[in-house]
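Notes for the one structure printed next.
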Amino acid sequence: DAACEGVVRGMIVSGPPGVGKSFGVEKKLEQYAMLDKIGGMPLKYEVVKGAMTPIGLYCLLYNNSDKGKVLVLDDCDTVLYDETSLNLLKAALDSSKKRKLCWNTDSALLRREGIPDTFEFNGSVIFITNLKFDNVRGKIKDHLDAIMSRCHYLDLTMDTTREKVLRCKQIVNDGMLNEYMFTEEEKEDVMNFMIENKDKMREISLRMVTKLADLKKSMGDKWKRTAEVTCMRRTVS
């Protein structure tokens with residue numbers, strides 16, 4: 001909420017795959033932009049996934065530079081290993097009243113897109129990453145420490161099976177399986193299967209919940225037998 005309001009300029013959501021990092025952030029942003037979506041207005045947020053070049057990041061920051069805009073970088077870890085990109089992010093997240101970004105190299109891309117070589121950034125940035133910032137070593141550590149000092153850091157690392165199960169229950173209760181049009185009993189059936197077989201499952205995660213829900217939706221009464229074959233580890237007798 002604070003990032004959407006522009007009070008929080010930067011936020012890092014870190015944790016292993018399958019714990020609902022993206023789901024939680026995107027759900028909140030969809031609520032934030034609901035009226036804009038209904039009214040056919042441009043959304044106040046943008047979610048970007050995958051590889052990113054420094055100049056691509058500069059363009060994204062410019063396109064989301066207005067107050068109230070939120071740029072979400074989801075698994076764009078290449079940004080965090082590039083010094084130019086990190087310097088841009090440090091400038092965008094700086095604690096000073098005016099956050100000025102500059103691109104001091106001539107660029108045909110900026111000219112073609114009509115993007116100036118300097119602008120003021122007033123939006124917010126949210127990182128979603130599997131990278132644990134405080135475990136990083138090497139020459140980029142100082143850069144990442146500088147990013148962390150400018151951001152609120154939420155670590156969703158879950159070390160125990162119990163923590164992972166509770167997290168899955170929480171996200172399912174928040175509506176993760178709504179698109180499947182399951183009854184409450186059917187949702188419980190999916191969760192109970194994973195919980196009852198937690199020591200045999202290949203993993204305990206939201207991705208596993210989705211796999212089980214897909215099987216239940218498509219295979220009817222046969223879904224558990226198929227899940228035993230495709231989602232559980234083989235045991236050697």
Side-chain angles (χ1 to χ4, degrees), residues 1-4 11-51 60 64 68-77 124-130 154 156-158 161-198 200-233:
D1 288 334
C4 292
M11 182 177 176
I12 301 165
V13 183
S14 174
V19 297
K21 301 186 299 295
S22 301
F23 179 85
V25 170
E26 291 186 31
K27 181 181 178 184
K28 176 58 66 176
L29 290 171
E30 287 171 3
Q31 293 171 352
Y32 170 61
M34 186 177 297
L35 292 179
D36 292 326
K37 192 171 183 179
I38 292 173
M41 302 290 289
L43 295 181
K44 295 178 181 177
Y45 70 91
E46 184 173 0
V47 179
V48 180
K49 303 174 185 277
L60 279 171
N64 293 277
K69 289 286 191 74
V70 182
L71 174 61
V72 180
L73 301 175
D74 190 353
D75 280 339
C76 294
D77 289 354
S124 298
V125 180
I126 298 177
F127 303 91
I128 303 175
T129 178
N130 299 335
L154 177 61
L156 292 179
T157 298
M158 296 171 195
T161 299
R162 179 177 180 276
E163 289 174 328
K164 294 173 183 176
V165 167
L166 289 174
R167 178 62 173 169
C168 289
K169 282 184 174 181
Q170 177 193 4
I171 299 299
V172 169
N173 288 337
D174 283 346
M176 175 187 164
L177 298 181
N178 287 353
E179 64 184 89
Y180 291 88
M181 304 298 289
F182 286 157
T183 64
E184 290 303 314
E185 290 75 15
E186 288 173 320
K187 292 178 186 177
E188 288 182 15
D189 196 24
V190 170
M191 284 302 301
N192 287 340
F193 179 87
M194 186 175 74
I195 294 168
E196 290 166 3
N197 296 285
K198 60 183 184 296
K200 302 176 184 176
M201 304 302 295
R202 294 187 181 278
E203 64 176 4
I204 302 297
S205 69
L206 292 172
R207 291 195 175 99
M208 181 58 72
V209 175
T210 300
K211 289 177 183 178
L212 296 175
D214 288 341
L215 290 177
K216 183 173 180 62
K217 188 72 174 178
S218 63
M219 305 196 71
D221 294 338
K222 299 178 182 178
W223 76 273
K224 291 183 180 180
R225 178 58 186 151
T226 305
E228 290 173 358
V229 175
T230 65
C231 300
M232 295 167 63
R233 294 188 296 271

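Only heavy atoms go into these numbers, but all of them, side chains included; no hydrogens, no water, no symmetry mates. Heads up: numbering here begins at 1 and tracks the sequence.
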Seminar exercise, completed: The salt bridge (Lys or Arg N to Asp or Glu O under 4.0 Å) partners of Glu26 (sequence neighbours excluded) come to Lys49
Problem set entry | Partner residues of Asp75 under the side chain to side chain contact (heavy atoms under 4.5 Å, CB included) criterion, sequence neighbours left out | Asn130
For this session: Return yes when atom CZ of Arg162 has more than 12 non-hydrogen atoms of other residues, nucleotides or ligands closer than 6.0 Å, and no otherwise.
Result: no
Exercise. Got a sec, which residues hit side chain to side chain contact (heavy atoms under 4.5 Å, CB included) with Lys27, two or more places apart in sequence or on another chain?
Worked result: Phe23, Gln31, Asp174
Exercise. So, the side chain of Arg233 versus the backbone of Met201: is there a donor-acceptor pair under 3.5 Å, distance only?
Worked result: yes
Exercise. So Asp214 and Tyr180, side chain to side chain donor-acceptor pair (under 3.5 Å) or not? Walk me through it.
Worked result: CA-CA 8 Å; Asp214 288 341; Tyr180 291 88; 2.6 Å; yes
For this session: Give a yes or no on whether Asp221 atom CG has more than 12 heavy-atom contacts from other residues, nucleotides or ligands under 6.0 Å away.
Result: no
Exercise. Just by distance, do the side chain of Tyr45 and the backbone of Leu29 share a donor-acceptor pair under 3.5 Å?
Worked result: no
Seminar exercise, completed: Sorted by chain and residue number, the side chain to side chain contact (heavy atoms under 4.5 Å, CB included) partners of Lys222 (sequence neighbours excluded) come out as none
For this session: Could you tell me which residues satisfy side chain to side chain contact (heavy atoms under 4.5 Å, CB included) with Lys187, sequence neighbours excluded, listed by chain and number?
Result: Leu177, Asn178, Phe182, Glu184
Exercise. Counting distance only, does the side-chain N/O of Asn173 pair as donor-acceptor with the main-chain N or O of Lys169 below 3.5 Å?
Worked result: yes
Seminar exercise, completed: Taken in chain and number order and not counting sequence neighbours, the residues that satisfy salt bridge (Lys or Arg N to Asp or Glu O under 4.0 Å) with Lys21 are none
